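Structure record follows, encoded as structure tokens.
Here the structure is a predicted model, which means the values were calculated and not measured. Letters A, B, ... are given to chains in the order of the sequence lines, protein chains preceding strands, and every chain is numbered from 1. When reading the values below, keep in mind they use all heavy atoms of this one structure, side chains included, and skip hydrogens, waters and symmetry mates.
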Amino acid sequence: MPQFRVPSAIPGFGLTYGFVWLYLAIVILIPLGAVVLFASSLGPVKLYALLTRSDTFAALRLSFGLSLIAAAVNAVFGLIVAWVLTRYSFPGRRLLDAAVDLPFALPTAVAGIALTAIYAPNGWIGSLFAQGSVWASWFGPLKIAYTPLGIFVALVFIGLPFVVRTLQPVLSDLDKELEEASATLGAKRSVTLFKVVLPTVFPALLTGFALAFARAVGEYGSVIFIAGNIPGVSEIAPLLIITRLEQFDYAGATAIATAMLVLSFFILLLVNLTEAWSRKRLGHVR
Amino acid sequence: MELKIKNLRKDYGNFPALNDVNLDIRSGELIALLGPSGSGKTTLLRAIAGLESPDGGQIFFGDRDASRQSVQERNVGFVFQHYALFRHMKILDNIAFGLRFGQGRKRKSEAEIRRKVLELLDLVQLNGLEGRYPSQLSGGQRQRVALARALAIEPQVLLLDEPFGALDAQVRKGLRRWLRQIHDETGHTTVFVTHDQEEAMELSDRVAVLHKGGLQQVGTPDEIYDTPATPFVYAFIGDSTSLPVEVHNGEAIFEGRTLRIGRVDPPDGPGRLHIRPQDVSLTTPAEGVVRGQIIGLRRSGGYRRADISVGVKHDRVEALLPPEQEVSVGDQVGLEFRRYAAFADDKEPPKLGLAREKQAA
Amino acid sequence: MSADAALALGPSSGLSEPVRLPSPVTESRLAQIALIAIAVAFLAFFLLLPLIAVFAEALRRGVNAYFASFTDPDTLSAIWLTVVVAAIAVPLNIVFGLAASWAIAKFDFKGKSFLLSLIDLPFSVSPVVAGMCYVLLFGAQGYFGHWLDSHNLQIIFAIPGLVLATIFVTFPFVARELIPLMQEQGTSEEEASLSLGAGGFRTFWSVTLPNVRWALLYGVLLCNARAMGEFGAVSVVSGHLRGLTNTIPLQVEILYNEYNFVAAFAVASVLASLGLVTLAIKSGLEWRYGDQISAAHRH
């Protein structure tokens with residue numbers, strides 16, 4: 001008979017294992033179970049109807065769409081940042097490396113009001129694009145805060161560390177012999193980067209992208225201040241959940257939450273499958 | 001392609017990785033760079049490839065000064081210790097890499113590239129594996145793909161870094177013979193790095209022994225083994241033990257007695273007499289060159305190894321004896337040396353233990 | 001180029017000055033500078049500027065106005081409440097983290113990776129959804145709402161709700177730091193200790209804990225910073241009762257929405273400073289004890 005656990009001389013398994021499950025049950029499983037229970041009591045037809053309400057649908061589309069774009073931008077710039085931080089030495093590198101964690105360290109509400117202050121029409125960056133700026137005289141005024149563009153800025157802010165921190169260990173473990181092999185075979189540096197380095201780190205890049213995306217979809221604090229929250233235009237899904245709850249519309253809130261949970265689940269699944277796939281195909285061989 | 005290395009120097013901080021190395025490599029020969037780790041052998045190989053930028057000296061490929069060429073321009077086939085296969089590419093694409101992306105190489109059509117790759121797979125006896133990924137191959141197969149990839153660019157010289165280092169002993173022996181065969185078929189000038197003296201001796205036409213960034217001796221395996229040029233080579237290649245002697249007018253004096261052996265070369269002063277275990281034979285205490293007492297006996301393959309304590313300072317000499325010879329621990333014996341080598345005493349004696357350890361690794 | 005001239009000289013040219021070849025495994029100097037410039041500019045605009053803005057806005061009307069912001073009794077009670085919530089949530093999560101890492105790292109059992117995914121779950125659940133869970137359970141119209149009401153108990157719009165929501169979003173931090181490190185360290189030291197006659201708790205206290213102390217500190221710091229700064233989850237369960245259920249981040253929101261910008265940023269600067277101190281200690285720990293803190297970080 002297959003055993004549940006490998007026998008061990010170390011004591012304390014029963015106690016800690018039991019406590020872990022008890023804690024998980026109280027803090028995570030029962031609360032999340034409540035969402036699932038509530039959602040299933042609604043039934044698929046009702047759920048669908050709730051999700052396709054025009055304001056709900058607009059909010060979900062906005063959240064998912066902007067998160068996708070922000071994660072893509074983070075993938076590109078996060079790759080550059082991670083590369084620069086792992087490969088080059090220059091004054092201030094350590095400081096820059098620490099700064100990457102700022103979105104983790106700065107509470108979301110703090111980041112939210114700070115970003116709003118900067119990108120508002122009278123803010124440091126916002127004023128560069130507002131009425132009367134050089135930009136406006138050429139292209140017309142561009143409003144950043146209180147528009148979807150502002151949401152995008154906030155989502156880039158909170159997503160960047162996911163890409164950088166996922167890539168960094170992979171880049172520093174990257175076997176230099178691979179790049180040397182490419183060079184001895186006559187490949188230019190740019191060819192080596194795009195044909196050898198990029199494909200090798202691609203699974204990690206995808207993981208970072210997915211994590212940044214998942215975080216962006218659920219993000220609330222750093223977004224609501226800069227978003228303007230105009231229904232149908234710049235109202236994000238998490239805000240709509242709160243609005244529904246304040247109106248005691250638990251069904252409406254649950255529908256949106258379910259959509260977001262299902263998406264998070266698929267993202268996690270995608271990440272795990274990508275990692276499993278790349279482990280299997282690429283192997284851990286050198 | 002003939003290779004000339006002139007006064008090559010490379011420092012890592014204060015540590016000289018290569019110290020004025022001069023080496024001529026003949027066209028079409030298979031030469032081993034042998035030495036313990038940290039001896040500079042890999043640095044030398046990488047400098048030839050252009051992966052390492054030397055701090056002085058020159059490298060000539062034929063009449064051409066390669067020192068000023070980038071690694072891409074040198075057209076060398078380099079086989080890395082861990083193969084460095086591109087994991088995300090199929091075997092076919094790995095081997096075709098240099099043909100597709102090599103700078104300044106005439107572009108071939110895909111059909112030509114494919115034909116060439118299949119030809120190489122045939123040469124390295126991996127037919128039918130072109131569609132696999134590197135992770136689906138065994139270590140020995142990966143090694144052969146790495147070689148095929150290096151050969152694909154028709155290199156001027158083939159460089160291999162510890163080509164069998166990552167393989168287990170059985171596979172290693174088979175591949176060794178096979179590499180020699182490929183070399184003889186293709187005729188490339190081939191340089192390979194190894195810390196395994198058996199591998200170097202068995203495989204190569206000539207062996208270059210390096211120690212602490214300096215070239216100790218270059219020669220055929222026979223020359224290296226039979227007439228070691230330095231105490232390091234003597235100690236590093238094969239087994240040996242040594243006795244401290246005083247040299248005076250070509251005579252070796254051990255603990256006040258002149259040894260009844262021929263003339264020795266080193267100048268007057270302290271020296272060491274090196275003897276290989278198989279060159280020691282036992283006789284009666286009265287007849288031997290030196291006297292000693294057997295302090296240990298071990299069985300070693302087809303022989304018996306005797307540890308013999310010699311002189312008042314209990315210097316240790318090892319002897320390889322036929323198993324039928326009747327000796328036992330505690331016997332007083334005399335030692336005869338069939339062959340020996342004497343060198344002036346180095347301030348730093350070769351680290352024998354270290355060298356052995358490296359060979360075993 | 002002089003390269004051709006040098007080629008023509010051939011082997012007899014003797015010694016020449018060494019030629020520095022560009023490293024084959026890095027980009028040209030120009031490309032490096034360009035990439036560094038892009039990275040610095042990107043990080044400066046997106047990450048550093050907001051940080052500077054917090055302090056600049058807080059001090060916009062001078063130091064006196066800045067400190068005056070902290071005399072508001074609502075703000076003071078928000079600070080106090082935040083400390084209370086963190087003081088309950090963080091120790092609970094430490095106990096959980098130690099138990100989870102002991103069970104997962106020191107034993108082999110079925111379903112381990114499933115358990116690990118469950119522990120990671122809060123990272124991928126929106127904080128707003130986390131708060132909503134508790135509203136569905138304990139809210140006025142939630143599953144237990146009626147029962148709680150009839151027993152005169154309140155969880156939502158009260159401190160218990162804030163604590164629960166905070167635990168939800170912060171509980172992986174300690175476990176996440178400890179598990180990979182303890183897995184890497186294996187069980188041989190514990191087995192040695194047990195074979196020498198030490199008891200299970202003694203072994204944990206004298207052998208396991210010292211081995212993971214820096215990673216534990218690291219996890220606690222991250223957990224605490226997040227607990228004090230959490231906004232989305234607590235904003236769902238708080239009810240925004242001034243002076244009663246407002247934590248610091250919620251107080252920032254209220255001040256900001258009342259256009260009391262200086263006060264909002266002043267209070268925010270406290271949180272930002274907490275974040276900066278955490279970041280500084282974290283970087284210091286990584287720099288000093290990098291090998292004793294696992295490399296596998298994902299938040």
Side-chain angles (χ1 to χ4, degrees), chain A residues 75 79 82-83 86-89 166-210 270-286, chain B residues 42 45-46 48-52 69-90 93-106 132-139 141-142 145-146 149-159 161-162 166:
Chain A
L79 180 62
W83 183 260
T86 42
R87 285 306 186 91
Y88 305 155
S89 59
T166 310
L167 279 172
Q168 265 178 320
V170 178
L171 286 179
S172 59
D173 281 355
L174 200 65
D175 198 350
K176 278 234 168 101
E177 281 192 355
L178 284 179
E179 294 162 58
E180 290 178 345
S182 174
T184 60
L185 293 168
K188 280 192 301 199
R189 187 63 192 158
S190 55
V191 172
T192 302
L193 286 179
F194 284 99
K195 296 286 179 184
V196 176
V197 175
L198 193 58
T200 309
V201 303
F202 187 74
L205 188 62
L206 198 62
T207 304
F209 169 84
L270 179 79
V271 168
N272 283 330
L273 286 178
T274 317
E275 280 176 357
W277 169 80
S278 65
R279 248 202 311 278
K280 187 163 171 274
R281 202 194 75 172
L282 306 179
H284 278 310
V285 296
R286 316 222 305 147
Chain B
T42 295
L45 192 79
R46 291 170 57 86
I48 297 172
L51 293 170
E52 219 59 79
Q69 288 182 306
S70 73
V71 54
Q72 283 92 346
E73 294 162 333
R74 285 196 200 184
N75 199 35
V76 295
F78 201 105
V79 177
F80 290 84
Q81 188 174 3
H82 299 287
Y83 323 131
L85 296 182
F86 306 130
R87 288 177 294 171
H88 58 284
M89 290 184 194
K90 291 177 175 172
D93 301 314
N94 260 288
I95 299 175
F97 189 90
L99 301 173
R100 283 184 184 143
F101 305 120
Q103 239 178 329
R105 209 162 278 135
K106 216 173 70 194
R132 300 267 186 96
Y133 285 97
S135 62
Q136 297 169 303
L137 303 187
S138 71
Q141 286 173 325
R142 282 181 211 149
V145 172
R149 186 177 67 178
L151 289 173
I153 60 171
E154 286 165 15
Q156 309 192 61
V157 47
L158 189 59
L159 307 171
D161 186 9
E162 298 275 2

Report the distance from atom CZ of B/F80 to atom CG of A/D175, rounding to the nearest 0.5 Å.
9.0 Å
Tell me, do A/E180 and B/F78 make a side-chain contact under 4.5 Å, heavy atoms counted?
no
Treating B/Q72 as the side-chain partner and A/A183 as the backbone partner, does any N or O pair qualify as donor plus acceptor under 3.5 Å?
no
Within a strict 4.5 Å, meaning less than it, do heavy atoms of the B/F86 and A/S182 side chains meet?
yes
Measure A/V196 against the heavy atoms of chain B and call it side chain, backbone, both or neither at under 4.5 Å.
both
Sequence neighbours excluded, which residues qualify as side-chain contact (heavy atoms from CB on, under 4.5 Å) partners of A/A210?
A/I267, A/V271
Which atoms of A/K195 come close to chain B, meaning under 4.5 Å heavy atom to heavy atom: side chain ones, backbone ones, both, or neither?
both
Applying a strict 4.5 Å limit to non-hydrogen atoms, the region of B/R46 in contact with chain A is side chain
Excluding sequence neighbours, so at least two apart, what forms side-chain contact (heavy atoms from CB on, under 4.5 Å) with B/Q156?
B/M1, B/F61, B/N75
Please round to the nearest 0.5 Å and tell me the distance separating atom CD of A/E179 and atom CG of B/L51.
11.5 Å
Rounded to the nearest 0.5 Å, what's the gap from OG1 on A/T192 to CZ on B/F97? Could you check?
5.5 Å
Taking all non-hydrogen atoms of both residues, which atom of A/L178 and which atom of B/L85 are closest, and how far apart?
CD2-O, 3.2 Å
A quick test of your reading: do over 12 heavy atoms of other residues, nucleotides or ligands sit less than 6.0 Å from CZ of A/F202?
no
Can you check whether A/V201's main-chain N or O pairs, donor with acceptor, with B/H88's side chain at less than 3.5 Å?
no
Structural part of B/Q81 lying under 4.5 Å from a heavy atom of chain A:
both
